[in-house]
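Data block below; observations after.
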Amino acid sequence: MPPSRARGNVTPALAAGKPALVSSPATVVNPFIGTSNQADDFPGADVPFGMVQWSPDTPSRPDGGGYEYKDSSITGFSLTHLAGPGCGAGGDVPVLPTVGAVNTGATDAFSHSNESASAGSYKVALNNQVTTELTTTTRSGMARFTLPSSTQANLIFKLPGSQSGASATQFTRVSSTEVSGQATSGHFCGAGNTYTVYFDMVFDQPFTAQGAAAAKTAGTPVAKPAKHLSKNAAETPNKPRLHGKTPPATASKSASAGAVTPDAAASSGYVTFNTTANPVVQAKVGISYVSTANAVANRAAEKPGWNFDATRSAAQSGWNTLLGRWGSPAAPPRSSRASTPRSTTRCCTRT
C-alpha cells in the first residue's frame with residue numbers, strides 16, 4: 001500500500017528540511033583510510049594541489065603512499081608521495097629523528113594509539129620519546145620535533161631512500177641553522193625518465209654537529225628500467241608494466257640554469273642538536289624540481305615565519321575551501337569518513 005499523501009502526513013526528514021552542513025569538512029577527513037590492503041595512500045600532511053606531501057614511510061613501503069598501517073615502525077618522513085599510483089614513486093628525502101649515536105639505517109618504533117592525522121597535518125609520538133608534527137604549504141613543509149633532553153638529538157637525512165632509489169645525492173651545510181641537498185630518482189613503472197628534487201631546510205635553533213656519509217663513486221643505484229611488454233600483452237594483476245617504447249631520457253635543466261651546486265656528495269647526512277635547554281626543534285623546508293635556489297625561494301615565499309599552529313590552520317582552511325564545494329551534511333562515524341580526495345588534488349607546477 002503506497003504511503004498516504006494526506007495533508008500533515010509529512011516524513012520527519014522532509015519536515016526538518018535540509019540537514020545542516022558541516023562547517024569544517026576537513027575535520028571529518030580520515031587520512032588513514034587507504035593505508036592498507038594495497039590501496040597505497042598515505043596519512044601525512046599536504047594541501048590541495050600541493051607539491052609537498054610530508055608523510056611517514058614504513059618498512060613495507062607500499063607503492064607511492066609508502067605507509068602500511070599494519071607496520072609498527074617508521075623508516076623516515078619523506079617529502080613527496082603519490083596516492084595509489086600502482087608503481088613505486090616519490091618518497092624523496094626521508095628525514096628521521098633519532099636520539100643517541102648517529103645511525104643512518106635507524107628506524108623508529110611507534111604505536112597507532114600515539115598517532116593522529118587530519119587534512120593538512122600529521123602527528124606521532126615515537127617510542128624513542130620524540131614527537132613529530134608535520135604540516136605543509138604548496139611548495140614547503142614545516143615540522144615541529146619535541147625531543148628528550150639530550151646532547152645527541154639527531155635528524156637523519158636518508159638521501160638514497162627514494163622509493164625507486166636515488167643517485168647523485170648531495171648534502172650541504174649552508175650555516176649552523178641551514179642545510180640543503182638534492183637527489184635524483186624516477187624510472188616510474190620502468191620508464192627511462194628521471195627527475196631531481198632539490199631541498200633547503202632551516203631550523204629555529206642551531207645544530208651542534210653535522211656530517212655526511214660519502215657517496216659511492218658510481219652513486220646509489222637507481223632502479224633499472226624494466227623490460228617492455230608488447231602493446232597488447234596481458235599484465236600480472238597488481239604488477240603494472242610499461243608497454244611499447246621507452247621515452248627518451250632528458251637531461252637535467254639545472255646545469256644550464258645556473259643552479260646552486262652543493263659542495264658535498266653524500267649518500268646520507270645528519271644534523272645533531274643539544275636539546276638540554278630547549279627540547280623543541282622546528283624545521284622549515286622548501287623543495288624544487290629546478291634548483292636549490294628555487295627551493296630556497298619557495299620556502300622563503302610561502303613560510304617566512306615560525307608559527308607552526310598558524311601554518312597547520314591554514315592548511316586545514318585550504319581543505320575546507322575545497323571540500324566545502326560539495327556541501328557535506330552531518331558528520332558520519334569516524335570509521336566511515338571519506339579519505340582526502342588526494343588523487344584528484346595533485347599536483348602542481350614544478351618550480
Side-chain angles (χ1 to χ4, degrees), residues 25-48 50 52-98 105-136 141 143-145 156 158 161-164 237-240 312 315-316 319 323 331-347:
T27 62
V28 298
V29 169
N30 182 358
F32 291 104
I33 291 176
T35 59
S36 196
N37 300 317
Q38 298 183 327
D40 300 346
D41 208 337
F42 61 89
D46 67 345
V47 296
V52 175
Q53 305 84 31
W54 208 347
S55 185
D57 300 314
T58 64
S60 297
R61 207 87 188 269
D63 291 340
Y67 176 98
E68 169 54 60
Y69 192 83
K70 297 173 184 176
D71 288 341
S72 58
S73 64
I74 289 172
T75 59
F77 298 92
S78 55
L79 299 177
T80 60
H81 293 82
L82 288 175
C87 293
D92 301 309
V93 193
V95 181
L96 186 73
T98 68
T107 61
D108 290 343
F110 77 106
S111 169
H112 292 302
S113 63
N114 297 321
E115 181 185 38
S116 61
S118 61
S121 68
Y122 173 87
K123 179 179 180 179
V124 62
L126 302 164
N127 289 10
N128 64 0
Q129 300 180 38
V130 178
T131 297
T132 298
E133 300 172 84
L134 306 173
T135 190
T136 65
R144 182 164 62 191
F145 302 102
I156 310 295
K158 299 183 176 183
S162 300
Q163 192 162 70
S164 296
N238 297 318
K239 299 293 182 181
R312 179 172 55 191
Q316 187 178 88
W319 282 112
L323 298 175
R334 178 71 176 176
S335 61
S336 64
R337 294 178 188 179
S339 64
T340 306
R342 291 189 170 109
S343 60
T344 60
T345 55
R346 294 279 185 253
C347 185

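If you run side chain to side chain contact (heavy atoms under 4.5 Å, CB included) between T135 and each of Q316, R144, R312, only R312 comes through.
The line from CG of L134 to NZ of K123 is 11.5 Å long, rounded to the nearest 0.5 Å. In this structure, the separation between OG on S72 and CZ on F110 is 7.0 Å, given to the nearest 0.5 Å. Once rounded to the nearest 0.5 Å, the distance linking CZ of R61 with OH of Y67 reads 14.0 Å. Taking CG of L82 as the start and CG of D41 as the end, the distance is 10.5 Å to the nearest 0.5 Å. One distance of note links CG of D57 with CD of E68; it measures 12.5 Å at 0.5 Å rounding.
Pairing each heavy atom of G34 with each of A39, the nearest pair is O-CB, 3.2 Å. Of all non-hydrogen atoms in G50 and Q53, the two that sit nearest each other are O-NE2, 3.0 Å. Nearest approach of G105 to K158, heavy atoms of both residues: C-NZ, 4.1 Å. What you find for K70 and N37 is that their closest heavy atoms are NZ-OD1, 3.5 Å. In this structure, A119 and P31 approach most closely via the heavy-atom pair N-CG, 4.2 Å. Nearest heavy atoms, G44 versus S55: N-OG, 2.9 Å.
Not counting sequence neighbours, E115 has no partner by the salt bridge (Lys or Arg N to Asp or Glu O under 4.0 Å) test. Listed by chain and residue number, A45, D46, V47, V52, W54 satisfy the side chain to side chain contact (heavy atoms under 4.5 Å, CB included) test with T136 (two or more places apart in sequence, or in another chain).
Between the side chain of D40 and the main chain of G64, no donor-acceptor pair closer than 3.5 Å is present.
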>> For S113 and S111: C-alpha separation, side-chain torsions, deciding distance, then whether side chain to side chain donor-acceptor pair (under 3.5 Å) applies.
In response: CA-CA 5 Å; S113 63; S111 169; 2.8 Å; yes
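For the pair W319 and V29, the minimum side-chain heavy-atom distance is 4.5 Å or more. Residues Y122 and P43 meet the side-chain proximity criterion, which asks for heavy atoms closer than 4.5 Å.
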Contacts under 3.5 angstrom, residues 88-98 side chains, donor-acceptor by atom type, not counting sequence neighbours:
unit_1 : atom_1 : unit_2 : atom_2 : d
D92    : OD1    : S162   : OG     : 2.6
D92    : OD1    : Y195   : OH     : 3.1
D92    : OD2    : T80    : OG1    : 2.8
D92    : OD2    : Y195   : OH     : 2.8
T98    : OG1    : N154   : ND2    : 3.1

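The aromatic rings of F32 and H112 sit perpendicular to each other, their planes meeting at more than 60°, with 30° as the lower class boundary.
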